[in-house]
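This report concerns only the one structure given below.
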Amino acid sequence: MAERCYACGLDYSKADSGDGPAVFAIFIVGFLAVAVVFLLRFSLYLPMLIAFLGGIIVILLSSFYLLPRLKALLFALQYANKAEVSRLDPSKGDEG
């Protein structure tokens, strides 16, 4: 990832979304995949293997679609809310 935006010069080092986008994507993609497998298996009465293949396709396509967008969303929220890494203040003692 670049250190700064090539267009506006925004510093990317202050906002790190970490594992947040992946966690949100797991919940969303997991829900979609289970719904598709159940739909294919119990509504359309397809064989188990075909239902699982449909779920795998949904997982791959929706993961590749959602991950960059969720990362951008969390980065934008951090930037808009001026979020930074938390630090302990030594003058306050152990209270943090």
Side-chain angles (χ1 to χ4, degrees):
M1 186 168 126
E3 292 181 20
R4 296 190 169 276
C5 175
Y6 68 90
C8 67
L10 176 65
D11 183 17
Y12 291 148
S13 66
K14 292 191 178 190
D16 180 22
S17 59
D19 292 334
V23 171
F24 287 123
I26 287 169
F27 287 128
I28 295 168
V29 170
F31 175 79
L32 290 174
V34 168
V36 166
V37 169
F38 270 84
L39 179 74
L40 292 176
R41 180 72 180 134
F42 298 114
S43 292
L44 301 176
Y45 304 107
L46 294 176
M48 187 77 71
L49 182 62
I50 302 298
F52 283 153
L53 288 176
I56 290 171
I57 291 170
V58 167
I59 289 170
L60 291 175
L61 293 178
S62 58
S63 294
F64 285 124
Y65 179 79
L66 279 177
L67 276 172
R69 285 154 182 81
L70 289 172
K71 186 162 180 80
L73 174 68
L74 288 179
F75 178 80
L77 287 172
Q78 286 178 333
Y79 178 75
N81 294 304
K82 297 176 177 46
E84 292 183 5
V85 176
S86 63
R87 294 181 192 86
L88 294 177
D89 187 3
S91 65
K92 292 184 180 181
D94 290 335
E95 298 172 5

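When a residue number appears, it is its place in the shown sequence, counting from 1.
In the hydrophobic clustering of ILVMFWY residues, with side-chain heavy atoms under 4.5 Å counting as a link, I57 and L39 come out apart. Note on I59 and I28: same hydrophobic cluster, where clusters join Ile, Leu, Val, Met, Phe, Trp and Tyr whose side-chain heavy atoms are under 4.5 Å apart, directly or indirectly. When the side chains of ILVMFWY residues are joined at heavy-atom separations under 4.5 Å, either directly or via intervening members, L32 and V34 end up in two distinct hydrophobic clusters. The hydrophobic clustering, which links ILVMFWY residues whose side-chain heavy atoms are closer than 4.5 Å, places L44 and V36 together. When the side chains of ILVMFWY residues are joined at heavy-atom separations under 4.5 Å, either directly or via intervening members, F52 and V29 end up in two distinct hydrophobic clusters.
A distance of 12.0 Å separates CD1 of I26 from CG of L66, quoted to the nearest 0.5 Å. To the nearest 0.5 Å, atom CZ of residue R41 and atom CG of residue L49 are 10.5 Å apart. The distance from the CG atom of D11 to the OH atom of Y79 is 10.5 Å, given to the nearest 0.5 Å.
Under the rule for a side-chain hydrogen bond (donor to acceptor under 3.5 Å, both in side chains), the partners of S17 that lie at least two apart in sequence or sit in another chain are K71.
Residue G55 comes nearest to A33 through the heavy atom pair O-CB, 4.1 Å, listed as atom of the first residue, atom of the second, then distance. The minimum heavy-atom distance linking L67 with A25 is given by the pair CD2-CB, 3.7 Å. The minimum heavy-atom distance linking P68 with S63 is given by the pair CD-O, 4.4 Å.
If you run side chain to side chain contact (heavy atoms under 4.5 Å, CB included) between F24 and each of L70, D19, L73, only L70 comes through.
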